[in-house]
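Remarks on the structure that follows.
Along the sequence shown, residues are numbered consecutively beginning with 1. Order of listing sets the numbers, starting from 1, for every ligand and every atom in it.
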Amino acid sequence: MDADGNGAVDREEFIAGMRRSAAEDEGSYLKRLGAMVEAWMSVCDADDNGLIDQQEFTTMYTRTLGASPEDLAAAFTKLDLNGDGSLDAGEIRRATEEYHTSEDPQAPGNWLFGPF
Ligand SMILES: [Ca+2]
Ligand SMILES: [Ca+2]
């Protein structure tokens, strides 16, 4: 990542390096994404049942980001692709991938980290 060879990776080099590795090595990028999804789940899944319900989602973002419950309800509805009232690992993984790869502001994944 140290593009100018000065022994340090500054912010621009880091971002360029991350983009390059995502584009060149999708497999390991997706693996890292999986780790991120797991980390997010373990923070958000208060009752540890492997699913994020609307209550857990709302609690996480009202506490950490001060988001409004109305915005979060809208976000949750978008993320809950199969409409069963909870977010499973597949829905969260899909949303995380979209968050990192989609330019479409209306893509459900762009709501994963709240309406920001
Ligand atoms: Ca849960
Ligand atoms: Ca669901």
Side-chain angles (χ1 to χ4, degrees):
M1 280 193 191
D2 183 16
D4 61 9
N6 71 345
V9 174
D10 64 25
R11 189 166 183 278
E12 282 69 38
E13 287 172 338
F14 181 77
I15 291 168
M18 291 302 284
R19 292 226 169 100
R20 216 166 37 237
S21 81
E24 283 171 6
D25 187 359
E26 209 183 335
S28 90
Y29 174 68
L30 292 177
K31 207 187 277 174
R32 284 201 303 278
L33 217 55
M36 223 175 100
V37 169
E38 266 173 46
W40 186 85
M41 287 282 287
S42 72
V43 172
C44 198
D45 187 12
D47 65 4
D48 206 22
N49 70 344
L51 297 168
I52 306 302
D53 60 34
Q54 189 160 352
Q55 173 87 50
E56 289 167 337
F57 185 78
T58 304
T59 301
M60 171 138 157
Y61 286 120
T62 48
R63 284 199 189 146
T64 58
L65 297 175
S68 82
E70 293 74 33
D71 285 346
L72 291 170
F76 189 88
T77 303
K78 284 177 195 252
L79 291 167
D80 183 13
L81 298 172
N82 66 0
D84 70 351
S86 62
L87 307 180
D88 59 36
E91 286 167 332
I92 292 162
R93 172 174 269 274
R94 165 113 191 256
T96 309
E97 281 179 35
E98 243 172 37
Y99 181 85
H100 288 274
T101 58
S102 174
E103 306 279 327
D104 176 7
Q106 295 307 313
N110 288 326
W111 289 83
L112 181 62
F113 298 107
F116 302 100

Item checked: Shortest non-hydrogen contact from R93 toward G34 -> NH2-CA, 3.3 Å
Check: How is the N/O/S atom of D45 that comes nearest to the Ca ion (ligand 1) named?
Finding: OD1
Checklist line | N/O/S atom of D53 inside 3.0 Å of the Ca ion (ligand 1), strictly under | finding: no
Next item on the list: Specify the closest pair of heavy atoms between E91 and L81, including all atoms of both residues, with the distance to one decimal.
Entry: OE2-N, 3.2 Å
Check: Do T96 and W40 have side-chain heavy atoms sitting under 4.5 Å apart?
Finding: no
Item checked: Distance filter under 3.0 Å, centred on the Ca ion (ligand 2) - protein N, O or S atoms that pass it -> D80 OD1, N82 OD1, D84 OD1, S86 O, E91 OE1, E91 OE2
Next item on the list: Check whether I15 and M1 end up in the same hydrophobic cluster, where Ile, Leu, Val, Met, Phe, Trp and Tyr are linked by side-chain heavy atoms less than 4.5 Å apart.
Entry: no
Notebook entry, point to check: By side chain to side chain contact (heavy atoms under 4.5 Å, CB included), which residues pair with D10, not counting sequence neighbours?
Noted result: E12, E13
Next item on the list: State, yes or no, whether a side-chain contact exists between I52 and L79 at a heavy-atom distance under 4.5 Å.
Entry: no
Notebook entry, point to check: the Ca ion (ligand 1) to D47: any N/O/S contact under 3.0 Å?
Noted result: yes
Item checked: ILVMFWY cluster, L72 and L51 together (side-chain gap under 4.5 Å) -> no
